[in-house]
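Sequence lines set the chain letters: A, B, ... in the order given, protein chains first and strands last, and positions in each chain run from 1. The model shown is predicted, which means the values in this text are computed figures rather than measured ones.
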Amino acid sequence: MRLSRSLIPTLKENPAEAQIASHRLMLRAGLIRQQAAGIYAWLPAGQRVLRNIAQIVREEQDRAGAQEMLMPTIQSAELWRESRRYDAYGPEMLRIADRHDRELLYGPTNEEMITAIMRENVQSYRDLPQILYHIQWKFRDEMRPRFGVLRGREFLMKDGYSFDFNYEGAVTSYRRMMLAYMRTFRRLGVRAIPMRADTGPIGGDLSHEFHILASTGESAVFYDAAFEAIDLRGEQVSYDDSAELDAFFAHMTTLYAATDEKHDTEAWKAVPELRRREGRGIEVGQIFYFGSKYTKAMGFSVVGPDGARIHPEMGSYGIGVSRLAGAIIEANHDSAGIIWPAAVAPFRVAIVNLRQGDAETDALCELAYAKIGDSALYDDRHERAGMKFADADLMGHPWQLIVGPRGAARGRLELKERCSNERLELALEDALTKVMA
RNA sequence: CGGGGCGUGGCGCAGCCUGGUAGCGCGCUUGUUUUGGGUACAAGAGGCCGCCGGUUCGAGUCCGGCCGCCCCGACCA
């Protein structure tokens, strides 16, 4: 993308409404603009971030055997009466009436809808297990939206649902999703710790929240410092080997880690004192097992091998895609701006033309831009070098390809790595090799 | 929802107490200058002062109502 022709409105000053770093930086780097309390428009660069995060989430869900689908944002109140959550959910649910005065709602989550879809289309235990997910906008009418996209009212979420014939199967699905989540967060460039969590209105008795540690997090968390050292990735674990899956699950859940709702002071005392960490976390995902709560309430059953009907066992699995954009920035920034992990950066590299109009400089920039293509943001504005440097740092591209007349005359340019601030003078080909690695 | 605060060019703010033709910095446009970390000078453009009503000869300023936004708390798959 050529910056001169892009809607990436960077701000030099901090907008007054933004209190925390990620919110300030998302506004200043031109990623988002607020439209109403807790409701944001994602500008082109922001949309690219959202798309990158969603794509990684999608790939890891697919790899875990989940199937992508797409359910609507608007749901019928009838559906929610079946599970008795229409009244239970309270004012956080946005209720709408259509022109015929039929009661609708903007979905805050989709357990009812997916259960209804399964009920209509699945009759036999042989059709199980299944895990389905979608990436869709949700709306929860929060009492007090804040912190930009970290607590918005409208937000993009990956929500998935597993259906198993029995408890053992459901536990396996739960463990598969935990593995998928750890891999997802790893690829997104953040360390998220699974913590025992409260199940809340979704109900059920087994749940973990995934928290990125950050002083600005909304949740108080307690965890064993050993988490800071262990391998959270699970790269080598096979989804199809139940022994490996169980071992990974044990590895993730044996050490103490809990949110304040589930904090157990007795168990806490068993953690060596020097390893007790109390901090704050940003919840970026949560997984639940809740058995047949919804399949029973909504009358979804399948015929088993013995001819008897059983209510499938469910789990649900959420990742806050739009919240992650903010959380990743919260965990990766400095005083100059964002420091994007390469996997989610809107642009892998900025081409900084220090002397727009200088023939050799322009030519070298154009060549670099042609070779890199869409993952480059070419700063071809007629602006001073200082402003371009400041904007590139603010936007947080992992790499900056700095091209000025001094080097261009000799066919050289400078490559700056945002996270280390390291600069190298190189020929274009060598720089591209490093950038594309 | 309880408490607190704020709405004035795109952004950040002053002006309001004590009513009298709307200001500053940044940004934007044009020109000159400068050119490897937000250059300097000059000339410009841009404002239902959140909305409605009231008081007054006159309201950004005073009074009432409403709306929006932010912060603390409670709440929060």
Side-chain angles (χ1 to χ4, degrees), chain A residues 7 9-20 23-24 27-28 30 33-39 83 85 88-93 107-112 138-148 150-153 155 157-161 197-204 207-210 217-219 259-261 282-290 293-294 314-320 323 335-337 352-358 361 379 381-394 400-409 412-414 416 421 423 425:
Chain A
L7 182 66
T10 56
L11 302 173
K12 193 168 170 179
E13 289 176 272
N14 285 322
E17 75 266 22
Q19 301 298 311
I20 66 167
H23 190 195
R24 278 201 307 269
L27 291 165
R28 285 191 55 208
R33 286 295 181 266
Q34 183 172 325
Q35 302 307 309
I39 298 177
S83 68
R85 277 210 293 182
Y89 218 93
E92 207 177 293
M93 184 151 74
T109 177
N110 285 61
E111 282 83 6
E112 282 80 358
K138 303 289 184 294
F139 194 93
R140 291 183 194 169
D141 199 357
E142 297 279 351
M143 197 83 85
R144 186 179 158 218
R146 62 185 119 172
F147 305 143
L150 291 182
R151 180 168 289 284
R153 291 194 293 172
F155 55 97
M157 178 166 98
K158 186 286 294 183
D159 45 322
Y161 306 91
D198 207 18
T199 51
I202 279 196
S207 179
H208 286 86
E209 286 180 6
F210 298 80
E218 283 197 88
S219 318
T259 61
D260 55 352
E261 296 91 355
I282 302 171
E283 182 197 338
V284 291
Q286 185 166 14
I287 58 180
F288 300 85
Y289 159 73
F290 43 74
K293 175 177 162 144
Y294 294 95
M314 283 179 72
S316 82
Y317 313 93
I319 292 181
R323 176 181 283 182
S335 57
V352 183
N353 186 328
L354 294 180
R355 187 80 61 85
Q356 196 71 32
D358 176 79
T361 308
D379 191 345
R381 298 174 298 176
H382 288 272
E383 292 293 347
R384 295 179 54 78
M387 182 193 188
K388 293 189 175 189
F389 285 133
D391 270 353
D393 286 347
L394 174 62
Q400 294 173 21
L401 217 46
I402 300 164
V403 185
R406 231 157 54 192
R412 312 275 290 178
L413 41 73
E414 194 174 291
K416 172 178 157 179
N421 245 337
R423 297 147 174 272
E425 198 189 271

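A:Phe155 comes within 4.0 angstrom of a base, heavy atoms only. Within the nucleic acid shown, A:Glu283 has no heavy atom closer than 4.0 Å to any nucleic acid atom. Heavy atoms of A:Arg33 sit nowhere under 4.0 angstrom from any nucleic acid atom. Across all strands shown, A:Ala385 has heavy atoms under 4.0 Å from sugar-phosphate atoms exclusively, and none from any base. A:Ala18 comes within 4.0 angstrom of no nucleic acid atom, judged by non-hydrogen atoms across all strands. Nucleic acid contact for A:Glu414: base, since at least one base atom lies under 4.0 Å from a heavy atom of the residue.
Between A:Gly38 and A:Arg381, it is A:Arg381 whose nearest contact on RNA chain B lies nearer the 5' terminus. Where A:Phe389 and A:Tyr317 each meet RNA chain B at their nearest nucleotide, the meeting point lying more 5' is that of A:Phe389.
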Heavy-atom protein contacts under 4.0 Å, nucleotides 1-15 of chain B, coded B base, S sugar-phosphate only, - none: B---------BSS--
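In this model, the phosphate group of B:rC70 is approached by a side-chain N or O of A:Gln34 to a distance below 4.0 Å at OP1 or OP2.
Side-chain N/O atoms of A:Thr109 and A:Glu111 include a donor and acceptor closer than 3.5 Å. Counted by atom type alone, A:Gln356 and A:Asp379 present zero donor-acceptor pairs between their side chains at under 3.5 Å. Under 3.5 Å, the side chains of A:Ser83 and A:Glu112 contain a donor-acceptor pair of N or O atoms.
Taking atom C1' on both nucleotides, B:rC41 is separated from B:rG36 by 23 Å, rounded to a whole Å. When the C1' atom is used for both B:rG10 and B:rA45, the distance is 13 Å, rounded to whole Å. Taking atom P on both nucleotides, B:rG38 is separated from B:rG27 by 12 Å, rounded to a whole Å. Between B:rA42 and B:rG53, the distance separating the two P atoms is 44 Å to the nearest Å. Comparing B:rC69 with B:rG12, their P atoms are spaced 16 Å from each other, to the whole Å. Going from the P atom of B:rC24 to that of B:rG64 covers 32 Å, rounded to whole Å. B:rA40 sits 45 Å from B:rG4 when the C1' atoms are compared, rounded to a whole Å. Rounded to the nearest Å, the gap between the C1' atom of B:rU18 and that of B:rG25 is 27 Å.
Of the listed nucleotides (B:rG36, B:rC71, B:rG37), B:rG36 has the atom at the smallest distance from the side chain of A:Leu354. If you check B:rG36, B:rC70, B:rG37 against the side chain of A:Asp393, the one that comes closest is B:rG37. In this structure, the nucleotide among B:rC76, B:rU34, B:rG36 sitting nearest to the side chain of A:Arg384 is B:rU34. Comparing B:rC69, B:rC28, B:rC76 against the side chain of A:Glu92 picks out B:rC76 as the nearest. Here B:rC76 is the nucleotide among B:rC76, B:rG36, B:rU39 with the atom lying nearest to any side-chain atom of A:Arg151.
We find that CZ of A:Arg146 is positioned 9 Å from C1' of B:rC76, with the value rounded to whole Å. Between A:Arg28 atom CZ and B:rG27 atom P there is a gap of 13 Å when expressed in whole angstrom units. Whole-Å rounding puts the A:Ile402 CD1 to B:rU35 C1' distance at 15 Å. Rounding to whole angstrom units, CD of residue A:Gln286 and P of B:rC76 are separated by 13 Å. Atom CG in A:Asn353 sits roughly 17 Å away from atom P in B:rU35 (whole-Å rounding). Counting to the nearest Å, the P atom of B:rC70 and the CD atom of A:Glu142 are 13 Å from each other. Following rounding to the nearest Å, A:Leu394 (CG) and B:rC26 (P) show an atom-to-atom distance of 19 Å. One atom, CE of A:Met387, and another, C1' of B:rU34, lie 16 Å apart when rounded to the nearest Å.
When both distances must be under 3.5 Å, the Watson-Crick or G-U wobble mate of B:rG68 is B:rC6. B:rC16 makes up no base pair with any nucleotide shown, lacking Watson-Crick or G-U wobble contacts both under 3.5 Å. B:rC1 and B:rG73 make up a base pair, with Watson-Crick or G-U wobble contacts both under 3.5 Å. The nucleotide B:rA40 finds its pairing partner in B:rU32, both defining distances of the Watson-Crick or G-U wobble pair being shorter than 3.5 Å. The pairing partner recorded for B:rU55 is none, the criterion being a Watson-Crick or G-U wobble arrangement whose two distances lie under 3.5 angstrom. Pair assignment for B:rU21 gives none, since no Watson-Crick or G-U wobble pairing has each distance under 3.5 Å.
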Worked check of salt bridge (charged side-chain N to carboxylate O under 4.0 Å, His left out) between A:Asp393 and A:Lys416: CA-CA 10 Å; A:Asp393 286 347; A:Lys416 172 178 157 179; 3.0 Å; yes
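For A:Lys12 against B:rG25, no side-chain N or O and base N or O form a donor-acceptor pair under 3.5 Å. A donor N or O paired with an acceptor N or O is not found under 3.5 Å between the base of B:rG36 and the side-chain atoms of A:Arg412.
Here CD1 of A:Ile282 is found 8.5 Å from CD of A:Glu218. Values are rounded to the nearest 0.5 Å.
With sequence neighbours excluded, no residue forms a side chain to side chain contact (heavy atoms under 4.5 Å, CB included) with A:Glu13.
Ionic pairing of A:Glu383 and A:Lys388 is not present here: no N-O contact between side-chain nitrogen and carboxylate oxygen is shorter than 4.0 angstrom. Using a 4.0 Å cut-off between charged nitrogen and carboxylate oxygen, A:Glu142 and A:Arg153 do not count as a salt-bridge pair.
Note: A:Phe288 and A:Phe290 have tilted aromatic rings, judged against thresholds of 30 and 60 degrees for the angle between ring planes.
Side-chain contact between A:His208 and A:Gln286 is absent, with no heavy-atom pair separated by less than 4.5 Å. A:Ile402 is not listed as a side-chain neighbour of A:Asn353, based on a closest heavy-atom distance of 4.5 Å or more.
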